[in-house]
Amino acid sequence: MNSLANPVLSCFTRGISTSVTCYGKRNFRKFLLYNKRGTRVYKAEQADDSLRTMPIYTRGVREIGYHNGQAFVVVPEMVPELIVPDLNGFQLKPYVSYRAPEVYQTEFTAQDLFEAVYSPKIMEDYKHEKLDDQGNPLTPSPEESLTPEEAVAQARKTGSDIF
């Protein structure tokens with residue numbers, strides 16, 4: 001069977017090339033050329049490319065807008081905002097010694113959260129008999145007086161531990 005007669009089988013033929021042109025400067029198609037790699041001509045084609053066939057490697061950074069024809073429109077909501085805490089009077093140092101003991105901590109579950117936040121208040125109200133007939137506190141704390149909608153809104157605010 002002739003492999004040249006069948007176009008499907010012609011792509012499966014093997015070939016050995018001993019020429020140096022396979023490794024020369026002219027065979028750039030198989031190499032990925034990112035922004036700083038490549039010739040000046042390549043960079044000029046990449047910058048002037050109106051159809052965006054020459055990809056611009058962004059190193060995983062998302063764009064802060066979109067292309068509208070030739071113009072680039074910046075969307076203010078897409079610009080990342082860095083929230084940095086105020087560290088005045090902060091006592092810890094940035095260095096951690098290699099001789100520091102390793103810390104093993106189990107997963108923080110909902111039961112652990114309940115015991116850390118709500119359990120002391122419930123025990124105190126029970127001991128001092130500050131509960132009504134249904135078991136509700138007579139003097140609720142600010143967290144206990146929140147409605148479910150207010151609690152969800154407060155949990156989703158910027159700066160909460162969800163983000």
Side-chain angles (χ1 to χ4, degrees), residues 11-12 14 22-23 27-40 42-43 45-163:
C11 65
F12 294 116
R14 275 193 183 174
C22 290
Y23 302 109
N27 191 10
F28 274 118
R29 279 182 232 121
K30 66 180 178 178
F31 299 113
L32 298 174
L33 297 176
Y34 298 122
N35 298 342
K36 300 220 175 196
R37 298 183 70 186
T39 62
R40 290 181 183 162
Y42 177 81
K43 292 177 189 176
E45 288 177 5
Q46 189 179 33
D48 295 337
D49 191 13
S50 61
L51 299 176
R52 293 281 176 218
T53 56
M54 307 277 290
I56 296 176
Y57 187 65
T58 59
R59 294 177 176 80
V61 178
R62 294 182 185 166
E63 290 188 345
I64 58 170
Y66 60 93
H67 294 279
N68 188 3
Q70 292 285 19
F72 184 76
V73 180
V74 176
V75 179
E77 289 82 14
M78 293 177 73
V79 176
E81 180 183 349
L82 299 177
I83 301 172
V84 180
D86 183 22
L87 297 178
N88 291 336
F90 193 68
Q91 298 298 320
L92 295 177
K93 305 288 186 234
Y95 174 75
V96 177
S97 173
Y98 284 104
R99 287 182 258 157
E102 240 180 275
V103 177
Y104 293 102
Q105 186 175 356
T106 59
E107 182 181 352
F108 196 72
T109 62
Q111 180 72 30
D112 296 333
L113 178 65
F114 178 80
E115 290 173 2
V117 176
Y118 299 109
S119 184
K121 172 80 165 78
I122 294 171
M123 292 298 293
E124 182 183 328
D125 287 346
Y126 180 75
K127 285 180 184 176
H128 298 302
E129 298 178 1
K130 294 182 180 178
L131 299 174
D132 61 3
D133 297 335
Q134 284 83 26
N136 297 326
L138 297 174
T139 57
S141 67
E143 290 84 15
E144 291 173 327
S145 61
L146 290 175
T147 63
E149 294 82 19
E150 291 172 343
V152 169
Q154 188 173 1
R156 294 189 183 213
K157 280 198 300 192
T158 304
S160 66
D161 59 351
I162 291 177
F163 298 107

Can you tell me which residue pairs pass the ring pair (Phe, Tyr, Trp, His ring centres under 6.0 Å) test with a partner in residues 127-151, sequence neighbours excluded? none
Residue pairs passing the side chain to side chain donor-acceptor pair (under 3.5 Å) test with at least one member in residues 106-120, sequence neighbours excluded, are Thr109-Asp112, Gln111-Glu115
Salt bridge (Lys or Arg N to Asp or Glu O under 4.0 Å) filter on Glu63, not counting sequence neighbours, yields none
Quick check: closest heavy atoms across Asp125 and Pro137, and the distance to 0.1 Å? OD2-CB, 3.5 Å
Give me each pair satisfying salt bridge (charged side-chain N to carboxylate O under 4.0 Å, His left out) with a member in residues 133-148, each pair once, sequence neighbours excluded. Lys121-Glu144
What side-chain donor-acceptor pairs closer than 3.5 Å can you find for residues 87-94, not counting sequence neighbours?
from  : atom 1 : to    : atom 2 : distance (Å)
Asn88 : ND2    : Asp86 : OD1    : 3.1
Gln91 : NE2    : Gly89 : O      : 3.3

In chain order, what residues pass the side chain to side chain donor-acceptor pair (under 3.5 Å) check against Tyr104, with sequence neighbours excluded? Glu102
Name all residues meeting the ring-ring contact (aromatic ring centres under 6.0 Å, His included) criterion together with Tyr126; count only those two or more places apart in sequence or in a different chain, and write none if there are none. none
For Lys130, give me all partners under salt bridge (Lys or Arg N to Asp or Glu O under 4.0 Å), at least two apart in sequence or on another chain. none
Can you list everything that forms a side-chain contact (heavy atoms from CB on, under 4.5 Å) with Val79? Sequence neighbours excluded, please. Ile64, Val74
Taking side-chain contact (heavy atoms from CB on, under 4.5 Å) as the test, write out the residues that go with Glu129, two or more places apart. none
With sequence neighbours left out, write down each residue that passes side-chain contact (heavy atoms from CB on, under 4.5 Å) with Glu77, or none if nothing qualifies. Val75
To check you understand the geometry: which heavy-atom pair defines the closest contact between Gly135 and Leu131, and what is its length? O-CD2, 3.6 Å
Applying side-chain contact (heavy atoms from CB on, under 4.5 Å) to Val73 and not counting sequence neighbours gives Tyr66, Asn68
Tyr98 atom OH: more than 12 heavy-atom contacts under 6.0 Å: no
